[in-house]
Amino acid sequence: MKPPRLGIAIILSGPSGAGKSTVTNLLRQRNPDLCFSVSCTTREPRNGEVDGKDYYFIDKKDFQRNIRDNEFIEHAEVHGNFYGTLKSEIIERVRAGKDVILDIDVQGAFQIRKCSKQYSLLARCTELVFLGPPSFDELERRLRGRKTEKEDVIRKRLETAKLELDHWRDYDYLVINKEVEQTVKDMETLIDILHKSTKRLEDSGFYT
Ligand code: 5GP
């Protein structure tokens, strides 16, 4: 019999172009039990993005209302748009033993870490994973190769990336995304090992 345990909130962050969305999407396809935390954003949907699946696309007024109503665990301005993680995407799921993956930026990851100091459920459930590129040059090559952003946007993202890359030491784990298939396997191995952690086991008399 498996002991009852809380789920893991896997916070995956890293610079734009490191491959967070690709890795997250593949992980979700291969592990249907893994939940995805759908964030709110004020940015416009890109081609093919679906409201409620990729993001909740909301306007600034609704975003402000969510802040006022204390609906977010964290929220931040990223590349000129607002993004926020709803408590409802995380708390009940981890309580029910489900694993949830969050694709959020470095500011958001630190806010959740800070929040964990007051909220013991979060402290037990959150694991911060930094997804890094093999090098800065490779990151630049990937960002330009996407051909989805204009030059000024790429420059802004590269500037932000330099600052974000400085933070890898503040995370619990560093996964380098050199080749996506291997990275997804590395993430699966990491999640398997995290399942063995005692900190999420519920003390409900497993051995008594
Ligand atoms: P994009 O607009 O390219 O989908 O995302 C831009 C950045 O916003 C990415 O680094 C992504 O991880 C981050 N992001 C997405 N959702 C959230 C969120 O809820 N909170 C924070 N802090 N960042 C987010």
Side-chain angles (χ1 to χ4, degrees), residues 9-28 35-60 62-67 69-91 93-94 100-116 122 126-133 136 139-140 142-150 152-168 170-171 173-175 177 183 187:
I10 305 141
I11 298 172
L12 189 66
S13 45
S16 186
K20 282 173 296 177
S21 317
T22 312
V23 169
T24 307
N25 288 337
L26 280 171
L27 267 175
R28 287 166 68 194
C35 305
F36 178 61
S37 164
V38 179
S39 294
C40 292
T41 183
T42 59
R43 89 150 157 73
E44 291 295 315
R46 295 188 188 121
N47 262 350
E49 282 183 329
V50 179
D51 185 40
K53 186 169 165 273
D54 298 291
Y55 280 106
Y56 298 112
F57 295 100
I58 61 175
D59 59 20
K60 283 189 181 152
D62 284 343
F63 198 91
Q64 290 300 333
R65 202 190 47 229
N66 280 341
I67 297 177
D69 293 349
N70 206 16
E71 303 280 1
F72 290 134
I73 290 188
E74 64 76 35
H75 60 88
E77 188 178 343
V78 188
H79 313 309
N81 294 302
F82 294 99
Y83 296 81
T85 304
L86 292 166
K87 290 178 184 166
S88 56
E89 293 288 308
I90 317 286
I91 307 297
R93 286 170 167 168
V94 292
V100 187
I101 188 157
L102 291 77
D103 168 351
I104 66 173
D105 88 321
V106 172
Q107 307 172 69
F110 292 150
Q111 282 181 46
I112 294 185
R113 171 130 293 171
K114 215 168 138 197
C115 218
S116 304
L122 276 185
T126 48
E127 302 287 353
L128 267 60
V129 182
F130 191 88
L131 189 71
F136 189 77
L139 185 77
E140 180 164 1
R142 284 184 196 169
L143 270 178
R144 293 192 185 285
R146 295 210 295 214
K147 295 194 168 54
T148 46
E149 281 95 12
K150 295 197 186 115
D152 57 329
V153 176
I154 293 175
R155 284 225 195 96
K156 203 169 161 196
R157 291 198 172 205
L158 285 170
E159 281 304 308
T160 311
K162 272 195 188 131
L163 303 174
E164 289 175 329
L165 284 171
D166 269 350
H167 285 292
W168 64 265
D170 302 319
Y171 282 69
Y173 304 94
L174 170 67
V175 175
N177 184 19
T183 304
M187 287 296 298

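Remember, it's 1-based here, ligands and their atoms both numbered in the order they're listed. What you see is a predicted model, and the numbers here were worked out from it, not measured in a lab.
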query: How about Phe72 and Phe63: are their ring centroids closer than 6.0 Å?
result: yes
task: Check step by step if side chain to side chain contact (heavy atoms under 4.5 Å, CB included) holds for Phe136 and Leu158.
output: CA-CA 9 Å; Phe136 189 77; Leu158 285 170; 3.9 Å; yes
- line: Taking only non-hydrogen atoms of Gly84 and a 4.0 Å limit, the atoms of ligand 1 in range are 18 (C), 19 (O)
query: Atoms of ligand 1 less than 4.0 Å from Gly108 heavy atoms?
result: 22 (N)
field: Lys20 and ligand 1 - part of the residue with a heavy-atom distance under 4.0 Å
entry: side chain
- prompt: Does ligand 1 have a heavy atom under 4.0 Å from the side chain of Gln107, from its backbone, from both, or from neither?
  reply: neither
- prompt: Contact between Arg157 and ligand 1, counting heavy atoms under 4.0 Å?
  reply: yes
- prompt: Can Phe72 be said to touch ligand 1, with heavy atoms closer than 4.0 Å?
  reply: no
query: Nearest protein heavy-atom contact for atom 16 (N) of ligand 1: which residue, which atom, what distance?
result: Ser39 OG, 3.1 Å
query: His75: what forms a side chain to side chain donor-acceptor pair (under 3.5 Å) with it, not counting sequence neighbours?
result: none
field: Carboxylate-amine/guanidinium contact Asp62 Arg65, below 4.0 Å
entry: yes
- prompt: Side chain, backbone, both or neither: which part of Gln111 has a heavy atom under 4.0 Å from ligand 1?
  reply: neither
statement: Atoms of ligand 1 under 4.0 Å from any heavy atom of Arg46, numbered from 1 in the order shown, are 1 (P), 2 (O), 3 (O), 4 (O)
